[in-house]
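Shown next, in structure tokens, is the structure this report addresses.
Note that the structure is a prediction, hence the values are computed from the model and not measured. In what follows, chains carry the letters A, B, and so on, assigned in the order in which the sequence lines appear, proteins first and then strands, with residues in each chain numbered from 1.
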There are 2 protein chains.
Amino acid sequence: MLVPTKKNQYALRAIFELAKHMDQGPVKISEIAATQSIPQPFLEVILNQLKASGIVNSKRGFFGGYFLVKSPDRVSVGDVLRFLNREPPTTDCIACVSKTSCPFDGRCAFSSMWIRVKQAAFDIYDQTSFQDLIDREQDTGWPDKQ
Amino acid sequence: MLVPTKKNQYALRAIFELAKHMDQGPVKISEIAATQSIPQPFLEVILNQLKASGIVNSKRGFFGGYFLVKSPDRVSVGDVLRFLNREPPTTDCIACVSKTSCPFDGRCAFSSMWIRVKQAAFDIYDQTSFQDLIDREQDTGWPDKQ
DNA sequence: TCTTTCCCGACTATTATGGTCAAGTAGGAA
DNA sequence: TTCCTACTTGACCATAATAGTCGGGAAAGA
């Protein structure tokens, strides 16, 4: 609960990796997979999906790979999570037991709380750009893998 | 993502229902199930588990049922969610792809963000008591089922 | 034209969720 | 003491989401 799926984490890590190599040409899936400990076939699927978001793009062939479209300070964690977890458009109760038919007609004592929690989380996600993450990693003095 | 499971929601609704009947004797599972649209056999399992938290207790026999142990303003949503989602104790990375063996030894650029999100959510959960929820429901003037 | 790398669709495995069911036990009422 | 009612307990099952795998194909360039 409240823990992002592995897919989400893999996606974020992959983009983080691309951000670190901004303006150094495309990065191969195999490199990202190795550096970030992600199963390569799965990462292929994920990155391919992410192309539709406009956040990343790719190039084929010998010097091919993936690269970030926008600069790391213009891409936020929220952008990625929102894209990967976008829900099919619905006008139903978003906070209820049942998404399709709320037994309380969309009005229950809890809904405002759920909404506030979601808001609080995405406030943080939206405020966190990949440039922030790079800076943060360097500040901590953690062993840099590149 | 960020949406509590049905089990969590059922548990919260059930306790909410008990809170509304505080000091009116035990409430039968069947009543709670009907009022809150919860499958009765499932609710039996959930309420039974919740007894271990000390939040609710039960009585058997003809006038039996479940009841709240503490007053509704002394029980928070956070108490319930924390109990239901408590994880087996671990000293490993709590924010990482792998809980048991973090490929980055528990140090990654994202961990502080995950922790802040979790914190922000539980700030809200902890601040929301069941008395608050009752008050809130009445303020809105929503149709009261009891 | 050959290698490298991404592309794409289908398929599979594992896990979590969301339950159900049956037999039992305790509390009272009659 | 008998019987009904309601909680108790453990095992069991169904479905869906997650977390992948696999194989062939297609572009880019050397």
Donor-acceptor contact present, side-chain A:Asp79 to main-chain A:Ser76, <3.5 Å: yes
Flag, side chain of A:Gln40 to backbone of A:Ala33, donor-acceptor distance under 3.5 Å: no
Exceeds 12 heavy-atom contacts within 6.0 angstrom, atom CZ of B:Arg74: no
Rounded distance in Å - NZ (A:Lys59) to P (D:dA27): 16 Å
For atom NZ of A:Lys28 and atom P of D:dA27, their distance in whole Å: 20 Å
Phosphate OP1/OP2 of D:dC7 contacted by B:Asn48 side-chain N/O (<4.0 Å): no
For atom NZ of B:Lys51 and atom C1' of C:dT25, their distance in whole Å: 12 Å
5'-most by nearest nucleotide on DNA chain D - A:Phe63 or A:Glu44: A:Glu44
Separation of D:dT21 P from A:Lys7 NZ (nearest whole Å): 14 Å
5′-ward residue of the pair A:Ser58/A:Phe62 relative to DNA chain C: A:Phe62
Earlier contact from the 5' end, DNA chain D, for A:Pro39 and A:Gly61: A:Pro39
Whether A:Asp132 side chain and A:Ser129 backbone form a donor-acceptor pair below 3.5 Å: yes
First of A:Val45 and B:Phe42 reached from the 5' end of DNA chain C, by closest nucleotide: A:Val45
Phosphate OP1/OP2 of C:dC7 contacted by A:Tyr66 side-chain N/O (<4.0 Å): yes
Phosphate-side-chain proximity, B:Lys6 and C:dA16, N/O vs OP1/OP2 below 4.0 Å: no
Proximal nucleotide (of D:dA19, D:dC22, D:dA28) relative to the A:Arg60 side chain: D:dA28
Euclidean distance, atom CD of residue A:Gln40 to atom P of C:dT5 [Å, nearest integer]: 10 Å
Separation of atom CG in B:Asn57 from atom C1' in D:dT8, rounded to whole Å: 13 Å
Protein-nucleotide distance (B:Leu43, atom CG; C:dG18, atom P), rounded to Å: 14 Å
Distance, rounded to the nearest Å, where A:Leu50 contributes CG and C:dC6 contributes P: 14 Å
Geometric class of the B:Phe110/B:Trp114 ring pair [parallel <30°, tilted 30-60°, perpendicular >60°]: parallel
Sugar-phosphate, base or nothing in reach of A:Leu47, heavy atoms under 4.0 Å: nothing
